[in-house]
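Accompanying notes for the structure given below.
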Amino acid sequence: MDDLLASGSISAINQALAEKRVSSREMTAWYLARIDALNHSGIQLNAVRELAPDALSSAQHADDE
């Protein structure tokens, strides 16, 4: 999953979602962790200034539908 989300194309990620190889919640959690890692440790990129506080629950809702 790491390779797909780190460097996969939008169509490849969309296909993985459609085939249920990855869930919206898993994908959102992965990206939130990556943002945290890049913003607050290592290179301290600080490129993302604000996140939706309900991102994980919204992703779970999308999976449930």
Side-chain angles (χ1 to χ4, degrees):
M1 179 173 73
D2 287 338
D3 289 340
L4 173 68
L5 296 178
S7 60
S9 67
I10 295 295
S11 62
I13 294 170
N14 190 44
Q15 184 175 358
L17 281 165
E19 294 172 356
K20 300 190 186 308
R21 290 185 284 131
V22 64
S23 69
S24 296
R25 190 175 200 299
E26 290 171 321
M27 185 174 65
T28 302
W30 188 91
Y31 281 114
L32 289 173
R34 181 151 171 86
I35 290 166
D36 186 58
L38 292 175
N39 272 3
H40 301 42
S41 62
I43 61 174
Q44 297 182 350
L45 188 60
N46 205 26
V48 177
R49 303 289 299 195
E50 188 172 335
L51 297 168
D54 63 342
L56 286 175
S57 62
S58 293
Q60 184 63 56
H61 181 73
D63 287 335
D64 293 344
E65 288 184 344

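Quantities reported herein were computed from a predicted structural model and do not represent experimental measurements.
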Quiz item: I13 and Y31: which non-hydrogen atoms are nearest, and at how many Å?
Solution: CD1-OH, 3.7 Å

Quiz item: Closest heavy-atom contact between V22 and M27?
Solution: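 Nearest heavy atoms, V22 then M27: CG2-N, 4.2 Å.
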
Not counting sequence neighbours, which residues clear side chain to side chain donor-acceptor pair (under 3.5 Å) with [X]? List them please.
X	value
S24	D63
D64	Q60
R21	E19
S11	S9

Quiz prompt | Gap between atom OG of S23 and atom CE of M1 - 0.5 Å precision | solution =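 So the CE of M1 and the OG of S23 are separated by 8.0 Å.
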
Self-check item: Verify same cluster id: L4, L17 (apolar side-chain graph, 4.5 Å)
Solution: yes

Considering only distance and modelled atom types, tabulate donor-acceptor pairs under 3.5 Å from the side chains of residues 43-57, sequence neighbours left out.
unit_1 : atom_1 : unit_2 : atom_2 : d
S57    : OG     : D54    : O      : 3.0

